[in-house]
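Structure first, commentary second.
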Amino acid sequence: MSASRHPALSATDPELASFVAAEETLQAETLRLIPSENYVSAAVLEASGTVLQNKYSEGYPGRRYYEGQQNIDRVEALAVERAKGLFGVEHANVQPYSGSPANLAVYLAFAKPGDTVMGMALPMGGHLTHGWGVSATGSWFRGVQYGVRPGTGLIDYDAVRDQALAERPKIIFCGGTALPRTIDFAAFASIAEEAGSVLVADVAHIAGLIAGGAHPSPAGHVDVISTTTHKTLRGPRGAMLMCREEHAKAIDKAVFPGLQGGPHNQTTAGIAVALHEAAQPAFVSYAHAVVANAKALAQALLERGFDLVSGGTDNHLILIDLTGKDVPGKVAAKALDRAGIVVNYNTVPFDTRKPFDPSGIRIGTPSLTSRGLSTEHMPQVADWIARAVDAAAKADESALAVVRAEVTALMSAFPAPGLPLS
Ligand SMILES: *Cc1c(COP(=O)(O)O)cnc(C)c1O
């Protein structure tokens, strides 16, 4: 299988090729529910594996430090134009290597070490790079953190305002990695304006939903939009920073030469292709289907007695609180993995357990929607999750094996690009 799929790789390095083939099989057979993952198209996969990889191009289109940029400049300029068009922004930088370096560039552009920055606490759903202690952003800057209301699991905008006015942070981040609800960018904008802060919307998770019109856009409300390109946006692993013209210079200088060297041109090409795909009507349908599937899955989980943080979802993501069940998140996640359902264990707001052994699991619908599953399949998915969690509580390995066989059977009918057909 791998020999025909990657002939040169198989001939040169059969050991490595066998790992890739095994991963292809794993991605084909399993139900992948990690909300930050997806399946890129065949076109994105091809663009990301081109000879653009061979080129050094420090600088920006038209002003590089190396010659021979005739084609690279066109690739990057095309990606930039597409990003601006898709997100309705004045400026886009498509060079950040990934979401974390993109956020670091924002700090470099707008703050000095020791300055106060504000973001959502990691255990409440925020990202490490929003000033959390173990991150460079939390040790080089003074991170102050907001959370959600106990009970509702929703952001308390009044509390965020009070905190912002008391702390006057240089930068406020909104967005996160485990937020099942719509972010009110206008509310954050008025808070940031009052506090005199630069407002950054980190839409890494929901960029594809925004592009497809299934989540409100931060454009026009915030100073900077930071996003990865590989989550709901369904591009290669990378990131973008977008802003108004007034911040363009600061952002570009921070990415290069401030933080990075040569851009990954093969990734830029993949981003350009993904942005083109995201501008098509089919992607609007995709984004709305992701949300419809998540809502249907949340409903089916509630009907099976699961406790969901904030009671449900507005987007692609569901946070299941297993506190009332007999299994902690990690045990459940590992059992689900054995059942062919790939999730991650996650803290829930006000978790009484440790981050490495928390009370929740985080799931999402971007990947299964890319494979063509629809709302009619969601009761079945919820049923598998319920059976696997139940089997985990009873340490019933044979029940997990039965679920796994059913999952593999269904997934074989929904192929994805780059994956072997069973
Ligand atoms: C995924 C994510 C990031 C980091 O992206 P990496 O590519 O993993 O560095 C940053 N912010 C948010 C909100 C994310 O969800």
Side-chain angles (χ1 to χ4, degrees), residues 32-38 40 44 48 87 93-108 117-132 134-138 141 143 145-148 155 171-183 185 188 199-211 215 217-218 222 224-242 251 254-255 259-260 263-264 267-268 270-271 274 290 294 313-319 343-344 346-347 349 355 360 362-367:
R32 300 171 64 235
L33 295 183
I34 294 175
S36 48
E37 294 182 349
N38 214 326
V40 297
V44 168
S48 308
F87 289 95
N93 185 311
V94 298
Q95 293 193 6
Y97 298 143
S98 213
S100 302
N103 285 346
L104 216 46
V106 172
Y107 287 84
L108 188 58
V117 298
M118 188 166 152
M120 190 173 221
L122 181 72
M124 294 282 177
H127 191 260
L128 280 165
T129 55
H130 297 180
W132 190 244
V134 299
S135 153
T137 63
F141 301 89
Q145 310 267 279
Y146 58 87
V148 295
I155 293 173
I171 305 173
I172 297 176
F173 281 88
C174 59
T177 61
L179 304 182
R181 295 298 182 177
T182 301
I183 300 166
F185 296 116
F188 271 106
L199 179 62
V200 182
D202 183 349
V203 298
H205 262 262
I206 53 174
L209 305 184
I210 292 166
H215 187 289
S217 172
V222 305
V224 179
I225 301 172
S226 174
T227 186
T228 58
T229 47
H230 48 271
K231 299 180 183 176
T232 51
L233 192 55
R234 219 160 58 175
R237 306 196 78 82
M240 306 191 295
L241 289 170
M242 298 177 278
I251 287 291
V255 173
L259 205 61
Q260 298 190 168
H264 295 178
T267 299
T268 306
I271 291 172
V290 166
T313 183
D314 298 327
N315 54 31
H316 65 301
L317 184 149
I318 297 165
L319 198 52
V343 308
N344 66 276
N346 214 97
T347 52
R362 190 184 67 150
I363 63 175
T365 51
S367 294

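We count ligands from 1, going down the list as the structure has it; atoms in each ligand are counted the same way.
Within ligand 1, counting atoms from 1 as listed, the ones closer than 4.0 Å to a heavy atom of G176 are 13 (C), 15 (O). Of all atoms in ligand 1, numbered sequentially from 1 with element shown, those under 4.0 Å from a heavy atom of T228 are 5 (O), 7 (O). The distance from ligand 1 to the heavy atoms of H230 drops below 4.0 Å at these ligand atoms: 7 (O). Atoms of ligand 1 found under 4.0 Å from any heavy atom of H205 (numbered from 1 in listed order, with element): 15 (O).
Considering backbone and side-chain atoms together, G99 places an N or O closer than 3.5 Å to an N or O of ligand 1. Distances between N or O atoms of T129 and those of ligand 1 include no value under 3.5 Å.
At least one side-chain heavy atom of M242 sits under 4.5 Å from a side-chain heavy atom of T227. For the pair R362 and V343, the minimum side-chain heavy-atom distance is 4.5 Å or more. Counting heavy atoms from C-beta on, the side chains of M240 and L233 come closer than 4.5 Å. In this structure, S36 and T177 have side chains that are not in contact, with every pair of non-hydrogen atoms separated by 4.5 Å or more.
At a heavy-atom cutoff of 4.0 Å, ligand 1 is contacted by both the backbone and the side chain of S100. With a 4.0 Å heavy-atom cut-off, ligand 1 is reached by no atom of R237.
Between the side chains of H130 and D202, at least one donor N or O lies within less than 3.5 Å of an accepting N or O.
With hydrogens left out, the protein atom closest to atom 12 (C) of ligand 1 is D202 OD2, 3.3 Å, a heavy atom. Here the heavy atom of the protein found nearest to atom 7 (O) of ligand 1 is S98 OG, 2.4 Å. The protein heavy-atom contact nearest to atom 1 (C) of ligand 1 is K231 NZ, 1.4 Å. Summary of contacts: the protein heavy atom closest to atom 3 (C) of ligand 1 is H127 NE2, 3.3 Å.
Checked against the 6.0 Å centroid criterion, the rings of F185 and H215 qualify as a close aromatic pair. Ring centroid separation for the pair Y107 and F173 comes in under the 6.0 Å cut-off.
Between Y97 and H264, the two ring planes are parallel [angle under 30°; tilted spans 30° to 60°].
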